[in-house]
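Working notes, beginning with the structure itself.
Below, chains carry the letters A, B, ... as their sequence lines are ordered, and counting in each starts from 1.
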Amino acid sequence: MDEILQQLTPSQRKAVCHKEGPLLVIAGPGSGKTRVITHRIAALIEAGVRPYNICAITFTNKAAEEMRQRAFTLGASGGAHISTFHSLCVRILRRYASQAEIKPNFSIYDESDQIRCMKQAVKDCRLDAGNFSPARMLGAVSTLKNKLIDAESFRNEAEDFFTTRLSEIYLAYQNILGERNGLDFDDLLMKTAFLLEDCPDVCDELNERFKFLLIDEYQDTNHAQYRIAKALVSRHNNICATGDPDQSIYRWRGADIRNILAFEHDWPDATVVKLEENFRSAANILAEADALIAYNRNRKQKKLVPTKPASRDVSITACEDEIREAQAVAQQINELAKQGASLKDIAVFYRVNAMSRVLEEALLHNQISYQIVRGIEFYRRREIRDLLAYLKILVNPDDEIALLRIINIPARGIGKVTIEKVQNYAARHKVSFYEALKKVENIEALSKAAKAKILVFVSMIEKFRKDMSGPVAQLSERVFNESGLAQSLQAAGPEGQNDLENVGELINAATQYDQNAEEPSLLDYIQQISLFSDTDAYDASSESVSLMTLHAAKGLEFENVFIVGIEEGLLPHERTNASEDEDELEEERRLLFVGITRAKSGLHISYSRYRTVRGQLLRTIPSRFLLELLSGIDEQSEDNIDYDDNDDVDCEDMPCFELGQLVRHKTFGLGRVQKYIDMGQNSVIVVKFNSGMTKSLMVQYANLSKIDL
DNA sequence: CATAGCCGCCTTTTT
DNA sequence: GGCGGCTATG
């Protein structure tokens, strides 16, 4: 251990060796933060702390898995609990289910399940799904849950028309989840927070168990997570939080940057360690990131101290359209490969998932192998969801969503009408859908044939339920074969072949689970699987280029990074309120900051002049963030070909603007010129309008008139 | 009761 | 552009 400590910087060593009491590690990108955490776990153990008494919380399952491995290589093998917040909550809720007033075999509802429940809830409240769109309602409810406002207290607070309706919807939604014994992602946190705060016994026991709590990516914790953390260390205050306010990118999901900013206020005796040295990126890449993030006003000053020399491999490229942009990326990747770069050291980032398609096509065309980091995609496949639905029912028969999904898959003649009759019966007699199915003999509305079919189905499920112990893989395989799913896929001929292979892969994964899990069980497996995330699919050892969203890039690093589509409307994204809300603009800027700081030596940023959005070819505006980078916008891009013959003619008519010039815009009103980038016809102007918003506009379309006083 | 085809709608980011 | 839901048809 001493030897290892010698390799650390003084700041890192200070954090690693910190004994007891609250500790905050403000760690810039590439500062060896993860290393500090794993070393700290090892150091605690060496100092005599039992691994069993240590709990480390990571942002994703992948990060947890990696941390377990790193801790293992340091000799801190086994015992320490390392998982995400959500995983930890599942464990706690299962163990203290009765105190939390839930059943331990709850289903975890993912987004699509939530939408279904919310649709039903809006319907139950007899409200119009147009004005009260399930997605929006879900967002509103999620925000409330993140703030630990439950349905009852929200109803008591509701005043105006909208909040009153929302409170009804919230109650109805919780009701539906309750009937189905389901919890959504936010419930996991909310119920755990309430459990810890309302049951001192449970809180004591967990404080006793987890004598040291370490939380990574603390800047992205939400209020519920904050309250859980607070409760978990309330008896001993041994909290160690690490994070970087400049990398907070989950505000929209309830992450509250104030948690990290107010850490010293929450724990006044906290030791604060800053890690500002960067061991990852070339000096000039870091300078770009620094220049960009300096535009964020609402931040704590932090230095980015390079330890690596500059690289010459930084570029900003303008492309004609997204197809050529993708082609340019593929070409540059080919160049890199020729120079001996490994594909696994290359990544392409984009703002929205939909942008991966063009890139895929370009990479395929150039025969460059790639992986799309989208973990949940696999679990979204029809055949996978079908099999998992069977397994979910075995664990939780009240899971109506899962039941409805497969009651007639493969087709067994139980149709819509039959299902409705059973649902009616269930509602009348206040029993779950599955209970109603079991009592099918009593449902008079059903034909004899329908009853018989339902009986066959129920007895099959009951047969499976009788023997649920043993390896999950074996059980999955058995259910797959005996439910008729296997047969129906085989019958589909070559079409079903791929599906069969996917199921095979699922069963493989289950085998892995059986081998690795501490206490394998179908219940645990089903609950854990619901918590997978995109980054969990990232395979660092695969010899391929990685494609992912900027969000998924968090926590990773690559030798060469491409970031595409840096245009107004994409970054900052049009759906954000970036024009009016400074905080949202700053979050978008942080997103680009995160992307840039993933790069070790090569950074290639690009944008397209035209882009097809939802089937329509649109003229784009380069992102205002490009103007904030040191390199600025590259006017001399290679493919800056004549796409518009009028270029030269128009240029002469193009008005020139000086900084500070007062201008008037048709809709935005008066404003002052903050920046003017002369690019002939493509000139861009940044205007701060008197309304408070700052816009970057294409001069040729903005139709600005100069106001001279 | 199953399926094909068409219409309309759209929170981008995710635990 | 793509998915979900509704409808018409077999």
For this session: Sequence neighbours left out, what passes salt bridge (charged side-chain N to carboxylate O under 4.0 Å, His left out) with A:D581? Give chain and number order.
Result: A:R251
Problem set entry | Touch class at under 4.0 angstrom, heavy-atom based, for A:D110 against every strand present | nothing
Exercise. Is A:H573 stacked on the base of B:dT12, with ring centres under 5.5 Å apart and planes under 30° apart?
Worked result: yes
Exercise. On DNA chain B, nearest-nucleotide positions of A:T84 versus A:G415: which is more 5'?
Worked result: A:G415
Give each protein N/O atom lying under 3.5 Å from an N/O atom of nucleotides 3-9 of chain B, with the pair distance.
none

Exercise. Under 4.0 Å: is that the gap between some side-chain N or O of A:N146 and OP1 or OP2 of B:dT15?
Worked result: no
Exercise. Using a cut-off of 4.0 Å on non-hydrogen atoms, how would the nucleic acid contact of A:T576 be classed: base, sugar-phosphate, or nothing?
Worked result: base
Exercise. Using the P atom in both, what is the distance from B:dT13 to C:dG4, to the nearest Å?
Worked result: 15 Å
Seminar exercise, completed: Residue set satisfying salt bridge (charged side-chain N to carboxylate O under 4.0 Å, His left out) with A:R258, at least two apart, ordered chain then number -> A:D256
Taking only N/O atoms, report every protein-nucleotides 3-8 of chain C pair under 3.5 Å with atom names and distance.
from	atom 1	to	atom 2	distance (Å)
C:dG5	OP1	A:K119	NZ	2.9

Exercise. With respect to the phosphate group of B:dT15, does any side-chain polar atom (N or O) of A:N222 fall under 4.0 Å of OP1 or OP2?
Worked result: no
Exercise. Does any pair with a residue in residues 239-258 of chain A pass ring pair (Phe, Tyr, Trp, His ring centres under 6.0 Å), and if so which ones, sequence neighbours excluded?
Worked result: A:F59-A:Y250, A:Y250-A:W252, A:Y250-A:H551, A:W252-A:H551
For this session: Please work out if A:R357 contacts a base, only the sugar-phosphate, or nothing of the nucleic acid, heavy-atom cut-off 4.0 Å.
Result: sugar-phosphate
Exercise. How is A:Y250 classified with respect to the nucleic acid when contacts are heavy atoms under 4.0 Å: base, sugar-phosphate, or nothing?
Worked result: sugar-phosphate
Problem set entry | salt bridge (charged side-chain N to carboxylate O under 4.0 Å, His left out) partners for A:R95, two or more places apart | A:E205
Exercise. Relative to each other, are the rings of A:F349 and A:F558 parallel, tilted or perpendicular (30° and 60° limits)?
Worked result: perpendicular
Exercise. With a 3.5 Å cut-off and just heavy-atom distances, do the side chain of A:R351 and the base of B:dT12 make a donor-acceptor pair?
Worked result: yes
For this session: Ignoring backbone atoms, test whether A:T549 places a side-chain nitrogen or oxygen under 4.0 Å from the OP1 or OP2 oxygen of B:dT14.
Result: yes
Problem set entry | Which residue lies more 5' along DNA chain B, comparing A:G413 with A:M137 via nearest heavy atoms | A:G413
Exercise. At their closest point, which heavy atom of A:F210 faces which heavy atom of A:H81, and how far apart are they?
Worked result: CE2-CB, 3.8 Å
Exercise. Taking everything shown except A:K451 itself, do over 12 heavy atoms lie less than 6.0 Å from its NZ?
Worked result: yes
Exercise. If you look at every strand shown and take non-hydrogen atoms under 4.0 Å, does A:V613 touch a base, only sugar-phosphate, or nothing?
Worked result: nothing
Exercise. Does OP1 or OP2 of B:dC1 have a side-chain N or O of A:T418 closer than 4.0 Å?
Worked result: yes
Exercise. If you take all heavy atoms of A:C89 and A:T192, which pair is closest and at what distance?
Worked result: CB-OG1, 3.2 Å
Exercise. How far apart are the C-alpha atoms of A:N61 and A:S87, what are their side-chain angles, what is the distance that settles it, and do they pass the side-chain contact (heavy atoms from CB on, under 4.5 Å) test?
Worked result: CA-CA 8 Å; A:N61 287 298; A:S87 276; 3.8 Å; yes
